[in-house]
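Here is the structure we will look at.
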Amino acid sequence: MLAETGVEVPRDVSGQIVRAIRPISSPHTLHAWTATYTMRIMLPGEPPAVDPATTAFWAAPGLALSTGILDGMWPDHRRALIAALTL
């Protein structure tokens with residue numbers, strides 16, 4: 001997460017794997033198999049700042065689901081985030 005968003009998750013925060021897949025279709029990979037995990041991390045209080053050099057941002061779960069933020073995402077990414085947001 002740190003490399004992509006500039007956010008470092010504290011070690012004492014609990015997390016839960018909400019989705020794990022191993023896509024094997026050509027849009028994902030031709031010569032190797034990947035494993036993709038989606039983690040839901042319960043942060044206490046306010047979320048940490050996001051590096052302004054990235055395009056990452058925080059959105060409340062209800063806002064993310066109701067405003068179409070997820071609509072433009074790759075289907076696998078959208079399904080993974082919905083799994084985390086609807087627990």
(message) Donor-acceptor check, side chain of Arg40 to backbone of Gln16, threshold 3.5 angstrom: yes or no?
(response) no
N/O donor to acceptor pairs below 3.5 angstrom from side-chain atoms of residues 64-71, sequence neighbours left out:
from  : atom 1 : to    : atom 2 : distance (Å)
Ser66 : OG     : Gly62 : O      : 2.8
Thr67 : OG1    : Leu63 : O      : 2.7

(message) Which residues pass the side chain to side chain contact (heavy atoms under 4.5 Å, CB included) test with Met39, not counting sequence neighbours?
(response) Ile17, Ile41
Output side-chain donor-acceptor pairs under 3.5 Å for residues 79-87, partner residues at least two apart or in another chain, one line each.
from  : atom 1 : to    : atom 2 : distance (Å)
Arg79 : NH2    : Asp76 : OD1    : 2.5
Thr86 : OG1    : Ile82 : O      : 2.7

